[in-house]
There are 2 protein chains.
Amino acid sequence: MARQYRSDAMASIHETMEALQEVGAIDKQTMREFDDACLTPVEPLSPEAIRALREREHLSQPVFARYLNVSKNLVSDWERGVKRPGGPALRLLTVIEKKGIQAIA
Amino acid sequence: MARQYRSDAMASIHETMEALQEVGAIDKQTMREFDDACLTPVEPLSPEAIRALREREHLSQPVFARYLNVSKNLVSDWERGVKRPGGPALRLLTVIEKKGIQAIA
DNA sequence: TGCTATATCACACTAAGTATTATATCACTG
DNA sequence: CAGTGATATAATACTTAGTGTGATATAGCA
C-alpha cells in the first residue's frame with residue numbers, strides 16, 4: 001500500500017494542478033516548480049541491482065531486453081558491469097524498480 | 001476506459017501467469033512466449049509527434065527532458081529532426097504516448 | 001528597463017547501444 | 001543418448017545517441 005501511495009497521489013495532484021493552471025488560478029512559474037518537485041530522482045544502478053531487478057520480474061535477458069527495447073547483449077553487458085545504463089535507460093530501469101514491469105508493458 | 005483496459009488486463013493476466021508458473025502448472029517455455037506476446041510494439045516517432053506529445057502533457061523542453069532523464073538539448077534536437085530517439089528513449093516515449101506522463105513520474 | 005525561462009543552434013567529445021559471431025551450458029525430447 | 005533450442009557469456013568493430021558548453025533570440029514578468 002505504501003508503495004502505491006506516492007505515484008497515485010502524484011497522479012491525481014498533477015491532474016488537479018493542470019486544471020488549476022488551465023483555469024488561470026496558478027501561473028506557469030508555479031507549475032514549472034511543481035513539475036520539478038514531482039520528478040522521481042534516478043540513482044545509478046549496480047550490475048547486481050540490475051540483475052536482481054530482472055530476476056524479480058521473472059524475465060530472461062532476451063525478454064527483458066525487448067521490454068526495454070534494447071539488444072539482448074546490452075543487458076548482458078549491464079549485468080557484467082561492461083557498460084552502464086545511461087540517461088533514458090536508467091529512467092526506464094528506475095520506473096520498473098519502483099512500479100514493476102507492468103508499468104511499461 | 002478503452003485506453004486503460006489493455007494494460008490493466010495485461011497486468012492481472014501477467015500476475016496470474018506468474019503464479020501458475022511458480023506453482024509448476026505451466027512450463028518456462030510457455031511463460032517465455034507469453035511474455036513475448038505481451039510486449040507493446042514501439043514504432044518510430046516523427047519530430048512533430050514528439051513535440052505534440054510533450055505539448056499534450058503541458059511540459060516545457062527542460063522539464064520534459066528531466067522526466068526522461070536526458071539533456072534539454074536532446075529534446076530540442078529530437079523535435080527539430082536533428083537526432084532520432086533510440087532504443088530505450090523510444091520505449092519511454094511510447095509509454096508516455098500510451099499511458100501519459102504519470103506512468104513514469 | 002532588466003530579469004528569467006524558453007528555445008534554437010554550433011561544436012567537439014564520450015561512450016552507449018548495435019550487429020555479428022562464437023562458445024558453453026542446460027532442459028527437453030525423439 | 002544424440003539432437004534441438006533457449007539462455008548466457010564473450011570479443012570485436014562500428015555508428016550515432018546523448019552530453020556539455022556556450023552563444024543567440026525572444027517573450028513574459030517585475
Side-chain angles (χ1 to χ4, degrees), chain A residues 21-22 24-39 42 44-94, chain B residues 21-22 24-39 42 44-94:
Chain A
Q21 192 235 323
E22 278 165 11
I26 59 173
D27 58 16
K28 287 183 180 178
Q29 173 66 20
T30 304
M31 192 61 196
R32 257 181 254 122
E33 287 167 359
F34 165 75
D35 277 327
D36 245 31
C38 252
L39 292 169
V42 295
L45 292 172
S46 70
E48 301 78 36
I50 296 174
R51 163 156 303 182
L53 185 55
R54 175 177 63 83
E55 291 179 342
R56 193 191 70 186
E57 305 291 337
H58 305 292
L59 298 172
S60 68
Q61 285 181 357
V63 176
F64 193 57
R66 291 196 51 185
Y67 271 99
L68 300 170
N69 199 36
V70 298
S71 66
K72 64 183 171 57
N73 284 326
L74 187 55
V75 173
S76 173
D77 285 347
W78 285 345
E79 294 186 358
R80 283 176 297 135
V82 176
K83 288 173 184 172
R84 301 251 151 198
L90 203 49
R91 168 63 74 190
L92 266 179
L93 291 169
T94 303
Chain B
Q21 192 237 322
E22 278 166 10
I26 60 173
D27 58 16
K28 286 184 179 178
Q29 174 65 20
T30 305
M31 193 61 196
R32 257 181 252 124
E33 287 166 1
F34 165 74
D35 277 328
D36 246 31
C38 251
L39 291 170
V42 295
L45 292 171
S46 70
E48 302 78 37
I50 296 174
R51 165 156 301 181
L53 186 55
R54 175 177 62 84
E55 291 178 342
R56 192 191 72 187
E57 304 292 338
H58 305 291
L59 298 172
S60 68
Q61 284 181 357
V63 175
F64 193 57
R66 291 197 50 186
Y67 270 98
L68 300 170
N69 200 35
V70 298
S71 66
K72 63 182 171 55
N73 283 328
L74 187 55
V75 174
S76 173
D77 285 346
W78 285 344
E79 294 186 359
R80 283 176 298 136
V82 176
K83 288 174 184 172
R84 301 247 144 197
L90 203 50
R91 169 63 73 191
L92 266 179
L93 291 169
T94 303

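Worth knowing before you read on, the calculation uses all heavy atoms, side chains too, and leaves out hydrogens, waters and symmetry mates. Letters go in sequence order (proteins before strands), and every chain restarts at 1.
Rounded to a whole Å, the CZ atom of B:Arg66 is 17 Å from the C1' atom of D:dG18. Rounded to whole Å, the distance from CD1 on B:Ile50 to P on D:dA17 is 11 Å. Remark: C1' of D:dT15 and CZ of B:Arg84 are 16 Å apart, rounded to the nearest angstrom. Rounding to whole angstrom units, CD of residue B:Glu55 and P of C:dT6 are separated by 14 Å. In this entry the distance linking CG of B:Leu90 with C1' of D:dG18 reads 15 Å, nearest Å. Residue B:His58 contributes atom NE2, which lies 16 Å from atom P of C:dT6 at whole-angstrom precision. In this entry the distance linking CH2 of A:Trp78 with P of C:dA15 reads 17 Å, nearest Å. Regarding A:Leu68, its CG atom lies at a distance of 10 Å from the P atom of C:dT18, rounded to whole Å.
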Under 4.0 Å protein heavy-atom contacts per nucleotide of nucleotides 19-24 of chain D, with B for base, S for backbone only and - for none: BBBB--

Full working for side chain to side chain contact (heavy atoms under 4.5 Å, CB included) between A:Arg66 and B:Arg91: CA-CA 10 Å; A:Arg66 291 196 51 185; B:Arg91 169 63 73 191; over 6 Å; no

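Every side-chain contact (heavy atoms from CB on, under 4.5 Å) that A:Leu45 has, sequence neighbours left out, goes to A:Ala49, A:Ile50, A:Leu90, A:Leu93, A:Glu97.
Contact annotation: B:Gln61 side-chain N/O to C:dA5 OP1/OP2 distance is not under 4.0 Å. Close to D:dA11, at under 4.0 Å from its OP1 or OP2, lies no side-chain N or O of A:Arg80.
Across all non-hydrogen atoms, the minimal contact from A:Val75 to A:Ala65 is CG2-CB, 3.6 Å. Annotation for B:Arg54 and B:Leu59: closest pair NH1-O, 2.9 Å, computed over non-hydrogen atoms. Considering every non-hydrogen atom in both B:Pro88 and A:Leu92, the closest pair reads O-CD1, 3.5 Å.
A salt bridge (charged side-chain N to carboxylate O under 4.0 Å, His left out) with B:Glu79 is found for one member of B:Arg51, B:Arg84, B:Lys72 and no other, namely B:Arg51.
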Canonical and wobble pairing (Watson-Crick, G-U, under 3.5 Å) of DNA chain C, dot-bracket with |: |||||||||||||||||||||||||||..|

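Residue A:Glu48 holds its CD atom at 13.0 Å from CZ of A:Arg80, rounded to the nearest 0.5 Å. For the atom pair A:Trp78 CH2 and A:Leu68 CG, the distance stands at 5.5 Å (nearest 0.5 Å).
Counting any heavy atom pair closer than 4.0 Å across all strands shown, A:Arg54 reaches sugar-phosphate atoms only and no base atom.
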